[in-house]
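Please read the structure below before turning to the comments.
The first residue of the sequence shown is numbered 1, and numbering continues consecutively from there. Owing to the predicted nature of the structure, the values given are computational and were not obtained by experimental measurement. Whatever order the structure lists ligands and atoms in, that order sets their numbers, starting from 1.
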Amino acid sequence: MSADGDAERDTGPVCDDLSSRQAALEMSAEEFRATGRQLVDQIADFLQSLPSRPVNPNESVAELAALLPDTSLPQDGAPAGEILEQTASMLFDHSLFNGHPDFMAYVTSSAAPIGALGDLLASAVNPNVGAWSLSPMATEIEKQTVEWIREAVGCSQGYGGLLVSGGTMANFVGFLAARKAKANWDIRSKGARGGERAMRLYASKETHTWVQKAADLFGLGTDAISWVAVDDQQKMDLVDLEEKIAKDREAGHQPFLVVASAGTVSTGAVDPLQAIAKICEADDLWFHVDGAYGAFAAMLPEASADLQALARADSIALDPHKWLYTPLEAGCVLVRDAQFLVDAFSFHPDYYLFEDEDEAVGDEVSEPSGQGAINYYEYGLQNSRGFRALKVWLAWRQAGRKGYIRMIRDDIALARALADKLAQQAEIELFTQNLSITTFRYLPSRLPAGLSAEDRDEWLNELNRDLLKQLQSGGGAYLSNAVIDRTFVLRACIVNFRTTLREIEKLPQRVVEIGRGML
Ligand SMILES: *Cc1c(COP(=O)(O)O)cnc(C)c1O
């Protein structure tokens with residue numbers, strides 16, 4: 001008999017009284033109330049203390065592993081309140097905080113506290129938002145959340161979509177909708193190689209790496225991506241795009257998709273979306289916009305015409321866990337007509353008893369007829385689905401469109417203020433400023449003598465790489481990096497409603513001091 005068997009016997013007879021169970025995971029209302037209050041109190045203190053904590057604990061794997069309970073899988077349980085109290089302290093004292101005012105890295109936002117409460121509420125009800133009948137109220141809330149997102153970015157009525165785990169998944173869904181819509185054979189039964197011609201897609205070199213994952217995972221292979229050059233502002237080069245499309249057609253391939261970015265992940269560049277929309281319309285190509293970072297900036301009345309042109313896309317990936325500041329995870333995809341999603345994902349046409357399918361495709365909403373209920377499992381990759389819409393919906397309601405415009409505008413203004421401050425520093429070289437991303441590098445007033453131009457570039461790259469590591473481990477401020485034309489630059493991305501001018505003003509000096517110290 002194994003140790004497991006012994007443990008089972010230790011729990012006593014299994015079936016003596018099933019009329020009143022003592023389930024190990026049940027909590028009385030009283031215990032839940034007390035435990036929950038204690039946790040909420042701890043979280044409130046934590047949020048208040050954030051600015052005085054280091055952004056990054058900078059501890060080693062070994063140090064962190066040593067904090068975990070010193071046991072193999074526990075055989076016996078423990079009181080919930082105790083475990084939660086300990087765990088909360090462990091996380092508060094040993095985490096990297098993207099909600100810290102000095103955190104300005106990647107595109108990782110501070111999380112709205114109402115989102116944390118929303119997740120608690122969502123988990124408490126635990127609807128399975130895969131099917132309407134399993135989540136009636138939750139599905140309606142998700143539907144409204146998607147509608148609000150559509151309205152916010154200016155897409156016309158009729159666009160539909162769903163929430164997913166993040167930008168990568170949102171882009172995947174757009175990609176799969178495009179693949180199905182543009183294949184001139186039955187790609188869902190014959191597969192990606194089932195046609196006479198090879199499908200080709202176009203993406204700039206600045207596109208986020210999800211596009212390689214998608215081409216690989218969904219059967220086209222990464223060689224199906226035609227990499228379009230960018231101009232000196234990291235925007236897609238239209239001449240190169242048109243040439244590559246024409247060349248592929250000549251070679252007998254089937255161009256089907258252009259992937260554009262509304263805010264590239266490295267520098268926040270917005271591709272010339274108006275012109276790309278035109279090319280796609282003229283050439284019968286699917287126009288997908290990766291707006292995981294920048295799409296919500298289209299809400300600003302002062303948004304550029306190109307940013308606003310994302311509303312002309314066939315599909316858009318957005319990321320509420322970025323510029324809507326909801327806690328991870330929440331992505332969203334919009335498509336011109338939700339029917340494209342059903343076409344790409346549904347394996348259960350019995351649920352969609354349209355009287356006339358052709359008519360239903362053109363309808364303003366493609367919901368199942370009869371009861372008007374959406375079953376989200378037919379819209380995407382997931383089957384069982386959590387209620388991630390709730391935190392997004394609650395945050396919209398708390399902030400309103402005006403509140404969001406203000407927060408996004410302030411983030412952009414702070415990134416510009418940072419660029420201005422950096423430009424005044426003799427030992428800083430400013431590179432780019434787009435949306436809320438500012439890139440720059442430390443450039444010492446004196447460089448080692450006798451370096452060739454190439455060695456000089458490599459030396460500066462190395463210096464800035466080390467500087468970034470030192471800055472990150474210092475716990476004072478947290479930036480990330482970008483590589484622009486093979487130059488390693490520091491990158492501040494402000495998607496953080498807690499960052500103020502105070503943090504911005506400290507940053508140039510911090511960088512210069514670390515830089516000087518390294519020489
Ligand atoms: C963040 C980002 C992604 C990936 O989104 P995840 O939520 O991290 O999966 C894709 N594209 C762009 C432009 C991004 O900024």
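More than 12 heavy atoms of other residues, nucleotides or ligands shown are found within 6.0 angstrom of NZ on Lys244. Shown here is Arg465, whose CZ atom has more than 12 heavy atoms of other residues, nucleotides or ligands within 6.0 Å.
For His208, no nitrogen or oxygen atom sits less than 3.5 Å from a nitrogen or oxygen atom of ligand 1, counting backbone and side chain alike.
Under a 4.0 angstrom heavy-atom cut-off, Gly331 registers as lying outside contact with ligand 1. Close to ligand 1: Lys322, with a non-hydrogen atom less than 4.0 angstrom away.
In summary, the side chains of His288 and Asn171 do present a donor paired with an acceptor at a separation below 3.5 Å, with no hydrogens or angles considered. Side-chain N/O atoms of Ser480 and Arg491 include a donor and acceptor closer than 3.5 Å. Between the side chains of Thr500 and Glu503, at least one donor-acceptor pair of N or O atoms lies under 3.5 Å.
Here the side chains of Phe92 and Ile43 are in contact, with some heavy-atom distance below 4.5 Å.
Looking at Glu329 against ligand 1, nothing comes within 4.0 Å, counting heavy atoms. Residue contacts with ligand 1, taken as heavy atom pairs separated by less than 4.0 Å, involve His321 solely via side-chain atoms from C-beta onward. Residue Asp319 touches ligand 1 through its side chain alone, judged by heavy-atom distances below 4.0 Å.
Nearest protein heavy-atom neighbour of atom 6 (P) of ligand 1: Gly167 N, 3.3 Å. Protein heavy atom nearest atom 13 (C) of ligand 1, with residue, atom name and distance: Asp290 OD2, 3.4 Å.
Counting atoms of ligand 1 from 1 in the listed order, those under 4.0 Å from a heavy atom of Thr168 are 4 (C), 5 (O), 6 (P), 9 (O). Atoms of ligand 1 found under 4.0 Å from any heavy atom of Tyr293, numbered from 1 in the order shown, are 15 (O). Short contacts between ligand 1 and Gly263, defined as distances under 4.0 Å to a heavy atom of the residue, involve ligand atoms 13 (C). The atoms of ligand 1 that sit less than 4.0 Å from any heavy atom of Ala292 are 2 (C), 3 (C), 10 (C), 11 (N), 12 (C), 14 (C).
Taking the six-membered ring for Trp and the full ring otherwise, Phe97 and Phe46 have centroids separated by under 6.0 Å.
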> Does the salt bridge (Lys or Arg N to Asp or Glu O under 4.0 Å) test come out yes or no for Lys180 and Asp343, once each step is laid out?
Replying inline: CA-CA 7 Å; Lys180 164 64 183 136; Asp343 290 347; over 6 Å; no
